[in-house]
Amino acid sequence: MKKKLCHILLITVICCGILAGCGGKTEKKEDVTLIIKMPSLIMNSVSNPDILEATTFLQQAGEAFAAQYEEANVTIQIETFDYIDEIKAITDSFDTEDATDILYEGYFNMASYIHTGRVVPLDDIISSDLRNDIDDATWAMSMVDGKTYMMPFSSMQNILIYNKNHFQSCGLEKYISNQTEIQNWTMEEWTEILDTLAEELPDRTYPMMMYGKNNQGDTHIMTLMRAYGSPIFDEAGNFDVESREAVQALEWIQEGVSKGWYPPHPENLEISDCNELFSNGQLSIYTFNNASFVLYDNIEDYGFVNFPGNLATSFVTGFEVFDNGDDIKTKAAKDFILYIYENEEWLDISAGNIPACRSVAEKYKDQINMLEEFVLNAENVVDFMNNSPNWQGNDTSVRSVFWPGIHDMLSGAITPQECAETLNKSCNEALQTGRENSRLHE
């Protein structure tokens with residue numbers, strides 16, 4: 001009886017093996033390596049204070065994604081690059097083994113890659129709930145021709161910070177706020193403030209930042225050019241800076257050179273020069289965003305104000321997916337992005353800066369510096385890039401051709417009107433080149 005039972009069990013095992021070898025064969029998963037690239041980005045996460053940089057965040061999220069992903073054996077490879085090497089890291093790597101599958105960085109840099117035809121639309125992974133959780137203005141920045149090519153994760157709102165002690169010593173107490181509100185001053189008040197600071201500040205201390213040595217100043221200059229109401233773009237998306245309002249703003253900017261509003265020869269300064277002056281107490285007004293809090297131990301000594309014209313800008317950080325000719329890799333890359341937005345642990349990392357998702361902002365509203373103030377101030381944010389093609393990345397891009405005109409105006413080599421004519425011509429030629437060469441992913 002015992003021998004008969006063993007015989008039956010043996011036959012059963014053999015039959016099961018035959019069935020497994022025929023109809024029950026498990027298909028082998030494909031090995032996929034996802035190359036995620038980014039510049040070196042500091043993270044200010046309140047949900048996980050141990051994550052101090054984007055590489056740590058994406059490495060941990062990538063490993064968690066790979067452990068549960070069933071459609072391929074995924075390996076995550078993180079690569080960082082210096083901003084000066086970005087073109088080499090991204091576009092020069094097309095069609096190589098080091099081609100980027102996912103890019104994580106600011107829209108400021110990412111947007112130009114959409115027009116290479118390599119960036120994949122992400123609308124198919126955006127649920128209606130996620131679409132409704134992010135404000136329309138941010139989605140608008142993420143889209144071209146009605147398709148979403150960039151997935152917003154967090155943002156930094158750009159305003160100005162001022163030294164309260166300087167204002168007090170110069171008799172400008174009435175303009176000082178005792179709270180963390182983001183103030184607005186009229187153009188007449190701005191002129192009064194800058195004139196007073198220029199007259200009353202001690203030698204080698206200056207009222208406001210200005211830098212025109214290279215393209216680092218384009219964002220804040222373009223914002224200042226809106227100070228008298230010019231949108232600086234027309235309805236067709238072209239630059240329109242020869243309008244009365246835009247030229248008036250350029251005249252106001254140039255006027256500050258002779259009035260001593262800026263450090264001497266601002267056309268030869270870059271942002272690092274002004275940063276050093278402000279850090280040393282030699283500059284009264286400087287640029288600021290919510291990521292800058294870590295730089296100030298005594299933030300109560302400072303006040304906050306919008307750019308002249310009651311304006312702010314926003315640097316959005318997020319994701320792009322590139323099509324490198326491998327459908328399985330492209331799908332895995334999109335699934336990884338979806339995984340981040342569907343898992344609270346990883347989506348919550350966006351809390352620290354301003355989270356793209358309202359649900360995350362609400363969850364951490366008491367832990368994010370000035371979140372309420374920045375949310376209220378969102379109505380003053382303008383899209384300085386205007387979804388323009390060819391914004392940067394080569395010698396003929398907008399950023400490359402914009403700053404020389406400002407440099408020459410600040411030096412006095414050309415008038416504000418001549419500057420406006422130069423900017424309209426050179427920047428619109430850059431946009432036209434971008435449009436002619438633009439190719440969107442199908």
Side-chain angles (χ1 to χ4, degrees), residues 36 38-65 104-108 122 125-142 150-159 161 177 179-182 288-300 302-304 306 312-319 336-381:
I36 304 176
M38 71 197 77
S40 297
L41 294 173
I42 296 172
M43 296 207 77
N44 180 30
S45 177
V46 298
S47 70
N48 186 344
D50 292 333
I51 293 181
L52 303 176
E53 54 188 7
T55 51
T56 305
F57 155 50
L58 291 176
Q59 187 66 56
Q60 291 183 8
E63 291 172 357
F65 167 74
Y104 177 79
E105 68 165 334
Y107 282 18
F108 195 96
L122 302 172
I125 65 170
I126 301 173
S127 67
S128 58
D129 286 343
L130 179 57
R131 184 75 69 178
N132 293 330
D133 200 18
I134 297 175
D135 67 84
D136 292 340
T138 303
W139 282 126
M141 293 181 189
S142 309
M150 298 181 290
M151 187 75 92
F153 189 67
S154 66
S155 67
M156 297 180 294
Q157 194 177 116
N158 303 301
I159 56 172
I161 184 172
S177 170
Q179 308 297 325
T180 56
E181 69 170 313
I182 299 172
F288 181 84
N289 59 48
N290 43 298
S292 303
F293 277 95
V294 296
L295 303 176
Y296 302 99
D297 295 328
N298 51 339
I299 197 67
E300 65 277 359
Y302 300 92
F304 309 96
N306 278 316
T313 58
S314 180
F315 288 161
V316 181
T317 299
F319 297 91
F336 173 56
I337 305 302
L338 180 60
Y339 173 78
I340 287 177
Y341 284 79
E342 288 185 338
N343 286 266
E344 285 189 16
E345 178 183 1
W346 307 116
L347 187 58
D348 285 2
I349 299 298
S350 62
N353 289 338
I354 303 172
C357 293
R358 297 187 184 97
S359 57
V360 179
E362 177 63 23
K363 184 177 179 180
Y364 293 96
K365 63 182 179 181
D366 295 330
Q367 300 177 53
I368 302 173
N369 289 320
M370 283 179 63
L371 177 63
E372 181 179 357
E373 289 83 355
F374 284 121
V375 169
L376 290 173
N377 199 51
E379 64 181 13
N380 296 311
V381 172

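Residues Y104 and A54 come closest through the heavy atom pair CE2-CB, 3.8 Å. Taking all atoms of both residues into account, the shortest heavy-atom contact from E373 to E181 is CG-CA, 4.1 Å. Closest of all the heavy-atom pairs between Y296 and S292 is CD1-O, 3.3 Å.
The neighbour count for E344 CD, taken as heavy atoms of other residues, nucleotides or ligands under 6.0 Å away, does not exceed 12. Taking a 6.0 Å sphere around CD of E300, one finds it holds more than 12 heavy atoms contributed by other residues, nucleotides or ligands. Heavy-atom contacts from other residues, nucleotides or ligands closer than 6.0 Å to CD of E63 number more than 12.
The shortest distance between side-chain heavy atoms of Y107 and S314 does not fall below 4.5 Å. Between V316 and M150, the closest side-chain pair of non-hydrogen atoms is not below 4.5 Å. You'll find the side chain of I182 reaches within 4.5 Å of the side chain of M370, heavy atoms only. Put simply, the side chain of M151 reaches to within 4.5 Å of the side chain of I125, judged on heavy atoms. Two residues are said to be in side-chain contact when any heavy atoms from C-beta on lie closer than 4.5 Å; W139 and I126 meet this criterion. F65 places none of its side-chain heavy atoms less than 4.5 Å from the side chain of I340.
Atom CG of L371 is separated from atom CG of L376 by 9.0 Å, given to the nearest 0.5 angstrom. Atom CD of E342 is separated from atom CG of L130 by 9.0 Å, given to the nearest 0.5 angstrom. Distance CG/D50 to CE/M43: 13.5 Å, rounded to 0.5 Å. If you take OG on S47 and CH2 on W346, they are separated by 9.5 Å, rounding to the nearest 0.5 Å. With rounding to the nearest 0.5 angstrom, the OG1 atom of T317 is 11.5 Å from the CE atom of M38. Rounded to the nearest 0.5 Å, atoms CG (L338) and CG (L122) are 10.0 Å apart.
A side chain to side chain donor-acceptor pair (under 3.5 Å) with Q157 is found for one member of N306, N377, N290 and no other, namely N377.
A donor-acceptor pair is defined here as one N or O able to donate and one able to accept, closer than 3.5 Å; no such pair exists between the side chain of N158 and the backbone of N289. Remark: side-chain polar atoms of N44 are not paired, donor with acceptor, to backbone N or O of A291 under 3.5 angstrom.
In the model, T138 has a side-chain atom that pairs as donor or acceptor with a side-chain atom of D135 under 3.5 Å.
A search for ring-ring contact (aromatic ring centres under 6.0 Å, His included) contacts involving F153 returns F57, F319, not counting sequence neighbours.
Ring geometry, F293 versus F304: the interplanar angle falls from 30° to 60°, so the pair is classed tilted.
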Compile the donor-acceptor pairs under 3.5 Å between side chains in residues 348-357 and protein atoms, sequence neighbours left out, one pair per line.
{"unit_1": "D348", "atom_1": "OD2", "unit_2": "K363", "atom_2": "NZ", "d": "2.7"}
{"unit_1": "D348", "atom_1": "OD2", "unit_2": "Y364", "atom_2": "OH", "d": "2.9"}
{"unit_1": "S350", "atom_1": "OG", "unit_2": "L347", "atom_2": "O", "d": "2.7"}

